[in-house]
J.: 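Let me begin by handing over the structure; questions about it come next.
Note that the coordinates shown come from a computational prediction; the quantities given were computed from them, not determined experimentally.
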Amino acid sequence: MKKILFTMIAMLMTLALNAQISVWDGSVEPWDTIHAGTADDPILIENAAQLAYMSMFTYCSQEPKYWKLTTDIDIDNRHWNPIGDLPYITCPEFNGYFDGDNHTIYNPSNTLFFHTYNGYIKNLTTKGSDVYREEEFNNFGMITYSAPLVENCHNYCNITIDGIDYLSVGGIVGMCDSIINCSNHGTITVNSAYLGHCYTGGVAGEANFIESCNNTSDLNIELSNCNKCKIGGISGLIITDISHSYNTGNIMVNCENSYAGGIVGDMNEHINSLNDIFINSCYNAGNIEAANVGGIIAKTDYENITINVDNCYYINTIASINDYGSPKSESEMKTQDFVNLLNDGGNFYAMDDLYVNRGFPIFAIYYSVDETVFENKISVYPNPANSVVTISGDNLLKIEIFNIIGQTVFSTICNADENTINIANLNSGIYLIKVGTTNGKEFATRIVKE
């Protein structure tokens, strides 16, 4: 069965199929208590006020429950108290399993969740705001400060942190045990006159295990006085494993005692004194300016830890202080041969045919489309098309068209099984048509506009 694989497009297309967005007016509303909060019957969060109610709820002595978001939400840049952060409660952490169901939170003013003690946060995207935080002895990530597991979460908000002391900062999470299939697309800026420690990564500040994550935006660190500054395109610190991940954002660090790596800055030597580090099938295409620069990993001078870096590559404009990873030119990194090299017989990476990642390889594991589904269930014709394209099929809910850089150029809610769309005003080129159905399935195909 022939497959067409897309990745970055999928990450840019996390808008839910629902047409409505619940805009928060500052109010709170209890959720419906008819749901048991189990995996089979999760508590439904149906509007912004109910999500805000989660931030007032105490999770002390509670059995972990399951929650599911059912709509996109606009926080409208209002003051947001992170879920699980109640200062007058001795155990404020969020304790549960939250499924964003691929919905988007627009215009957040703060991290969405505080320390997640137990459970996970999955399938959630943040967009829209430039978020500014002034933190003291704290971590920061747009999704959560810390969590055991964060999966399929994506951030497009720019983040600025003015820190006073210890910080672990990531686009998604500050500290995490496992982070899988997550991406950051917002710039991260950390400023301070004094910072004892600074662990910053495009995706995570610190993590134990990372798989299939990427960062596409710049990291800017400006510290006039710091003790330890460890920066990574994906994670500031890693404890055990990182695989199949890439960074295309640039890293600028103004701090004398700094280590910056294209994938990871350093490892947690205290936790990992008896373990090895494994980094495999990763690449870095971003430039780095720092006191100590590593193409893949920067700080490596530990006698009690074995660092295993396999099938990893970095842009050859970087003067790496160590031999971990292999340099490649930009032109080499944009070839099918390089994709094959990264895949090493697998299918994690694909060519960036739609040029959504500046031509560098994209993931081929997040978004797959079965062509026979279109042949048998959904029709898109003519292709190539000049002025109109017709999309027909059963149970159609929403149609979206994206250009090669992931921008939405057309979107409509379907009221019929056959829909004719005028594309005469679109520039000639390749577009992605994404179709959502009422039974919750999504399909996509490419079309050529003549």
J.: Taking C-beta and beyond as the side chain, do Y53 and P30 meet within less than 4.5 Å on heavy atoms?
T.: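 Yes; the side chains approach each other to less than 4.5 Å.
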J.: Can you pull the salt bridge (Lys or Arg N to Asp or Glu O under 4.0 Å) pairs that have at least one residue in residues 149-159, sequence neighbours excluded?
T.: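 Those involving residues 149-159 are K122-E151.
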J.: Once you round to the nearest 0.5 Å, how far does CG of N284 lie from CD1 of I234?
T.: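 Rounded to the nearest 0.5 Å, the CG-CD1 separation comes out at 8.5 Å.
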J.: Would a line drawn from the ring center of F360 to the ring center of F338 be shorter than 6.0 Å?
T.: no
J.: Can you tell me how far apart OG1 (T111) and CD1 (I143) are? Round to the nearest 0.5 Å.
T.: 7.5 Å
J.: Would you check if the side chain of S235 reaches a backbone N or O of L237 as a donor-acceptor pair within less than 3.5 Å?
T.: yes
J.: If you compare all heavy atoms of S320 against all heavy atoms of Y314, which two are closest, and at what distance to 0.1 Å?
T.: CB-OH, 3.6 Å
J.: Do S55 and N81 have side-chain N/O donor and acceptor atoms under 3.5 Å apart?
T.: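 Not at all, the side chains of S55 and N81 share no donor-acceptor pair under 3.5 Å.
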J.: For the pair T70 (side chain) and I45 (backbone), establish whether a donor and an acceptor sit closer than 3.5 Å, ignoring hydrogens and angles.
T.: yes
J.: Evaluate the side-chain proximity of S22 to T71: yes if any heavy-atom separation is below 4.5 Å, no if none is.
T.: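 Yes. Closest side-chain heavy atoms under 4.5 Å.
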J.: For side-chain hydrogen bond (donor to acceptor under 3.5 Å, both in side chains), just list the numbers for N311 and Y313, CA-CA rounded to whole Å, side-chain angles, deciding distance to a tenth of an Å, and then say yes or no.
T.: CA-CA 7 Å; N311 196 32; Y313 309 91; 2.6 Å; yes
J.: Is there a side-chain contact between M142 and V131, using heavy atoms and a 4.5 Å cut-off?
T.: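 Yes. Closest side-chain heavy atoms under 4.5 Å.
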J.: Is it true that the side chains of N152 and N102 contain a donor and an acceptor less than 3.5 Å apart?
T.: yes
J.: Is there a donor-acceptor contact under 3.5 Å linking the side chains of N107 and D74?
T.: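 There is such a pair between these side chains.
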J.: Answer yes if the side chains of T38 and D40 hold a donor-acceptor pair under 3.5 Å, and no otherwise.
T.: no
J.: Looking at every non-hydrogen atom in both residues, tell me the closest pair between T144 and F114 and how far apart they are.
T.: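 It is OG1-O, 2.7 Å.
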J.: Show, in sequence, the C-alpha distance, side-chain angles and deciding distance for N308 and I279, and conclude whether the side chain to side chain contact (heavy atoms under 4.5 Å, CB included) test is met.
T.: CA-CA 6 Å; N308 303 276; I279 306 174; over 6 Å; no
J.: Given the rule in the side chain to side chain contact (heavy atoms under 4.5 Å, CB included) test, do I315 and N287 qualify, once you have shown the distances and angles that lead to the verdict?
T.: CA-CA 7 Å; I315 199 80; N287 289 313; 3.9 Å; yes
J.: Is the cationic atom of K127 (NZ for Lys, CZ for Arg) positioned less than 6.0 Å from the six-membered ring centroid of Y106 and within 45 degrees of its normal?
T.: no
J.: Does any N or O in the side chain of D25 come within less than 3.5 Å of the main-chain N or O of S27, such that one atom is a donor and the other an acceptor?
T.: yes
J.: Check the pair T126 / Y156 against side chain to side chain contact (heavy atoms under 4.5 Å, CB included), numbers first and verdict last.
T.: CA-CA 6 Å; T126 48; Y156 293 82; over 6 Å; no
J.: Fit a plane to each ring of F57 and W31, take the angle between them on a 0 to 90° scale, and name the class: parallel (under 30°), tilted (30 to 60°) or perpendicular (over 60°).
T.: perpendicular
J.: Restricting to non-hydrogen atoms, name the atom on C255 and the atom on S258 that form the minimum distance, rounded to 0.1 Å.
T.: O-OG, 2.7 Å
J.: Whether the N158 and T187 side chains hold a donor-acceptor pair (N or O, under 3.5 Å, no angle test) is what I'd like checked.
T.: yes
J.: Could you check, using the six-membered ring where one of them is a Trp, whether Y97 and W67 have ring centers closer than 6.0 angstrom?
T.: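 Not under 6.0 Å, so no.
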J.: State whether a side-chain donor-acceptor pair under 3.5 Å links N184 with N215.
T.: yes
J.: Yes or no on side chain to side chain contact (heavy atoms under 4.5 Å, CB included) for I83 and L51, after CA distance, side-chain angles and deciding distance?
T.: CA-CA 8 Å; I83 295 170; L51 186 69; 3.9 Å; yes
J.: Using a 3.5 Å distance criterion without hydrogens, assess whether the side chain of D32 forms a donor-acceptor pair with backbone atoms of I34.
T.: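 Checking the backbone N and O of I34 against the side chain of D32, a donor-acceptor pair under 3.5 Å is found.
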J.: Do S168 and E206 get their side chains close enough for a donor-acceptor pair, meaning under 3.5 Å?
T.: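 Looking only at side-chain atoms, E206 and S168 do form a donor-acceptor pair, the distance falling under 3.5 Å.
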J.: Taking atom types as modelled, find out whether N123 and D99 have a side-chain donor-acceptor pair closer than 3.5 angstrom.
T.: yes
J.: State whether a side-chain donor-acceptor pair under 3.5 Å links S146 with N139.
T.: no
J.: Side chains of N77 and S129: do they bring a donor and an acceptor to under 3.5 Å?
T.: yes
J.: Regarding D266 and K299, does a basic nitrogen lie under 4.0 Å from an acidic carboxylate oxygen?
T.: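 No, this pair does not count.
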J.: Are C282 and C312 side-chain neighbours, meaning at least one heavy-atom pair lies under 4.5 Å?
T.: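 Side-chain contact under 4.5 Å: yes.
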J.: Look at the rings of H244 and Y349 and say which category their plane angle falls in: under 30° parallel, 30 to 60° tilted, over 60° perpendicular.
T.: tilted
J.: State, to 0.1 Å, how close C157 and G128 come at their nearest heavy-atom pair, and which atoms those are.
T.: SG-N, 3.9 Å
J.: Is a donor from one side chain sitting under 3.5 angstrom from an acceptor on the other, for H185 and S217?
T.: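 No, S217 and H185 have no side-chain donor paired with an acceptor closer than 3.5 Å.
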J.: Hey, what do you get for CH2 (W24) to OG (S109), rounding to the nearest 0.5 Å?
T.: 7.5 Å
J.: Are N181 and C213 side-chain neighbours, meaning at least one heavy-atom pair lies under 4.5 Å?
T.: no
J.: Look up atom CG in N214 and atom OG1 in T248, then write down how far apart they are to the nearest 0.5 Å.
T.: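 Answer for the CG-OG1 pair, N214 versus T248, is 7.0 Å.
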J.: Could you check if a side-chain atom of E222 sits within less than 4.5 angstrom of a side-chain atom of V253, using non-hydrogen atoms only?
T.: no
J.: Say whether T240 and N208, considering side chains only, have a donor N or O and an acceptor N or O under 3.5 Å apart.
T.: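 Yes, side-chain donor-acceptor contact under 3.5 Å.
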J.: Please report the shortest heavy-atom distance between I179 and A207, naming the atom on each side.
T.: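 Minimum heavy-atom separation between I179 and A207: CG2-CB, 4.3 Å.
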J.: Can you confirm whether E29 is buried at CD, in the sense that more than 12 heavy atoms of other residues, nucleotides or ligands lie under 6.0 Å from that atom?
T.: yes
J.: Less than 4.5 Å apart, any side-chain heavy atom of Y66 and any of I43?
T.: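 Not in contact.
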J.: Rounded to the nearest 0.5 Å, what separates atom CE in M351 from atom CG in N357?
T.: 11.5 Å
J.: Quick one: which of I221, I231, T160 gives a side chain to side chain contact (heavy atoms under 4.5 Å, CB included) with V190?
T.: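 Between V190 and the candidates, side chain to side chain contact (heavy atoms under 4.5 Å, CB included) is satisfied uniquely by I221.
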J.: First locate atom CD1 of I251, then atom CG of D218, and finally report the distance between them rounded to the nearest 0.5 Å.
T.: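 Reported value, rounded in 0.5 Å steps: 9.0 Å.
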J.: With heavy-atom distances below 4.5 Å as the criterion, would you say the side chains of T125 and I105 are in contact?
T.: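 The answer is no; the side chains never approach within 4.5 Å.
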J.: So which of D162, N110, T189 actually passes side chain to side chain donor-acceptor pair (under 3.5 Å) with Y132?
T.: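 When side chain to side chain donor-acceptor pair (under 3.5 Å) is applied between Y132 and each of D162, N110, T189, only D162 qualifies.
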J.: Looking at every non-hydrogen atom in both residues, tell me the closest pair between I210 and S245 and how far apart they are.
T.: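 Answer, listing the atom of I210 first, then S245: CG2-OG, 4.0 Å.
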